[in-house]
There are 2 protein chains.
Amino acid sequence: MASAAELLHQQGASATSLADIAQHADVPLGNVYYYYRTKDDLVRAVLVAQTEQVAAMMDGFAGLGGPAERLKALVSRWDAMRDLVARYGCPFGSLTTELNRRDDDLARDAAAPMRAILDWAAGQFRELGCAEPDDLAVTLLSGIQGSALLAAALGDPDLLARQVRHLHSWIDSTAATAPKR
Amino acid sequence: MASAAELLHQQGASATSLADIAQHADVPLGNVYYYYRTKDDLVRAVLVAQTEQVAAMMDGFAGLGGPAERLKALVSRWDAMRDLVARYGCPFGSLTTELNRRDDDLARDAAAPMRAILDWAAGQFRELGCAEPDDLAVTLLSGIQGSALLAAALGDPDLLARQVRHLHSWIDSTAATAPKR
DNA sequence: GTCTATAGCATGATAGAC
DNA sequence: GTCTATCATGCTATAGAC
């Protein structure tokens with residue numbers, strides 16, 4: 001499953017065969033089908049793992065000083081893997097994008113990681129006392145995902161770094177203008 | 001080729017077969033190979049058409065009052081097709097994302113539409129007298145692409161509409177704080 | 001130039017020995 | 001549970017009649 005997650009990120013879901021995954025994981029192809037009845041089942045498992053990973057990441061920010069620091073820590077997570085993002089895109093964003101164009105169950109569940117991030121970020125903005133916290137969360141995650149897309153398109157990790165700095169100062173100014181709660 | 005462009009947008013490049021495209025265009029499969037020697041050639045033709053489409057779009061903004069109006073007209077183009085974007089994502093962004101993960105010639109050319117938009121937008125910000133016009137162009141297109149991605153992920157056209165309004169006011173305030181040229 | 005038929009191959013999935 | 005062999009299908013690409 002870890003191999004699947006890595007290859008789905010690097011090659012995309014429909015461009016990655018189960019033979020690729022089995023070889024990368026150094027297991028026979030038949031074994032994959034013992035644990036995952038179909039390819040979609042395996043993709044779904046990756047999606048669930050991503051959702052849990054996102055939840056764990058946000059839990060890790062709980063100890064930070066305040067909502068603004070937590071939001072900035074969130075953004076910095078993409079900066080920390082900027083080389084990977086500039087090469088293959090955001091692992092959540094690219095998988096979500098690909099699954100989205102289908103019209104089965106997987107397409108419906110594909111947005112789970114994004115939804116988790118949006119809900120959490122909206123909570124932070126709400127704690128700051130900002131108006132329209134849901135829209136601010138969307139603006140923040142849009143900035144992250146758009147920057148990741150462009151950094152990958154241009155193959156430029158520094159682009160991501162610059163946009164992360166921009167988002168940090170945007171968070172600060174948004175927090176500064178919010179009414180005290 | 002128009003059928004190819006439509007299906008690549010709706011289903012993605014690797015999920016769309018040449019048989020799909022031929023059927024949609026109501027031509028026999030063999031004919032596709034008469035005009036495009038390989039599937040990659042056809043994908044490349046779609047990419048070139050997108051690049052020309054983007055260039056024509058920006059040319060169409062030349063008659064508008066000023067740079068800020070032109071930039072807002074650019075953003076509004078995504079709002080005008082918000083239902084399509086919310087269903088299948090941005091046609092440029094999703095194709096760029098998919099082709100990006102390969103390492104052949106197509107991957108290198110995939111960013112052409114994005115580059116064209118970035119260069120044009122940077123020119124508008126420069127005309128406004130803004131500092132760091134290249135970074136501002138990236139921030140603007142990041143906002144567009146990120147919003148398109150999230151609108152598609154959540155299947156919510158209104159999300160795109162709200163972010164477009166946000167970007168419009170961001171353009172206005174950025175223009176207002178720029179030194180006169 | 002248009003169209004049919006099919007070669008050649010990769011893939012998702014399964015059967016069944018161990 | 002593990003692994004090999006293989007089926008069935010769909011795909012890219014080509015051959016060749018018209």
Side-chain angles (χ1 to χ4, degrees), chain A residues 1-50 88-89 91 94-110, chain B residues 1-50 88-89 91 94-110:
Chain A
M1 207 273 286
S3 291
E6 186 176 341
L7 290 178
L8 289 196
H9 179 207
Q10 295 177 359
Q11 308 183 336
S14 58
T16 302
S17 71
L18 290 174
D20 287 341
I21 295 169
Q23 186 178 17
H24 186 273
D26 203 36
V27 298
L29 175 60
N31 274 26
V32 177
Y33 283 97
Y34 181 79
Y35 291 96
Y36 303 96
R37 288 179 59 187
T38 67
K39 183 180 179 181
D40 280 0
D41 274 7
L42 178 51
V43 173
R44 184 182 303 275
V46 170
L47 200 59
V48 169
Q50 284 189 349
Y88 303 112
S94 53
L95 186 57
T96 297
T97 296
E98 185 170 0
L99 296 182
N100 232 323
R101 295 193 279 211
R102 310 174 19 164
D103 54 354
D104 52 9
D105 293 341
L106 258 185
R108 244 107 42 201
D109 298 343
Chain B
M1 205 272 286
S3 291
E6 186 176 340
L7 290 179
L8 289 196
H9 180 207
Q10 295 177 1
Q11 306 182 337
S14 58
T16 301
S17 72
L18 291 175
D20 287 340
I21 294 169
Q23 186 178 19
H24 187 273
D26 202 35
V27 297
L29 174 59
N31 275 27
V32 177
Y33 282 98
Y34 181 79
Y35 291 96
Y36 303 96
R37 288 176 59 188
T38 67
K39 182 180 180 181
D40 279 0
D41 273 8
L42 179 51
V43 173
R44 185 184 302 274
V46 170
L47 200 59
V48 169
Q50 283 189 351
Y88 302 112
S94 53
L95 185 57
T96 297
T97 296
E98 186 171 1
L99 296 183
N100 233 324
R101 293 191 280 208
R102 309 170 24 159
D103 55 355
D104 52 9
D105 294 341
L106 258 184
R108 244 101 50 194
D109 298 343

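Note on naming: letters A, B, ... go to the chains in the order of the sequence lines (proteins, then strands), and numbering restarts at 1 for each one.
Using a 4.0 Å cutoff to heavy atoms of chain A, the contacted part of DNA chain D runs 5' to 3' from D:dG1 to D:dT4.
Distance check, rounded to the nearest 0.5 Å: NE2 of B:His24 to CD of B:Gln10 gives 6.5 Å.
If you check every strand for non-hydrogen atoms under 4.0 Å, A:Tyr35 touches sugar and phosphate atoms only.
The side-chain contact (heavy atoms from CB on, under 4.5 Å) check on A:Ala25 picks up A:Ser3, A:Val27, with sequence neighbours excluded. Listed by chain and number, the residues in a side chain to side chain donor-acceptor pair (under 3.5 Å) with A:Ser94 are B:Arg101 (sequence neighbours excluded). The side chain to side chain donor-acceptor pair (under 3.5 Å) check on A:Thr97 picks up nothing, with sequence neighbours excluded. Looking at residues two or more places apart in sequence or on another chain, you find a ring-ring contact (aromatic ring centres under 6.0 Å, His included) between A:Tyr88 and A:His9. In this structure B:Asp105 satisfies the salt bridge (Lys or Arg N to Asp or Glu O under 4.0 Å) test together with B:Arg108, sequence neighbours excluded.
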Polar atom pairs between nucleotides 9-14 of chain C and protein, under 3.5 Å, N or O only, would you list them?
unit_1 : atom_1 : unit_2  : atom_2 : d
C:dG12 : OP1    : A:Lys39 : NZ     : 2.9
C:dG12 : OP2    : A:Leu18 : N      : 2.9
C:dA13 : OP2    : A:Lys39 : N      : 2.8
C:dA13 : N7     : A:Tyr33 : OH     : 3.3

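Screening residues 16-39 of chain A for salt bridge (charged side-chain N to carboxylate O under 4.0 Å, His left out), with sequence neighbours left out, gives no hits.
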Please output the side-chain donor-acceptor pairs of residues 40-49 of chain A that fall under 3.5 Å, not counting sequence neighbours, one pair per line with the distance.
unit_1  : atom_1 : unit_2   : atom_2 : d
A:Asp40 : OD1    : A:Arg102 : NH2    : 3.4
A:Asp40 : OD2    : A:Arg102 : NH2    : 3.0
A:Arg44 : NH1    : A:Asp109 : OD2    : 2.6

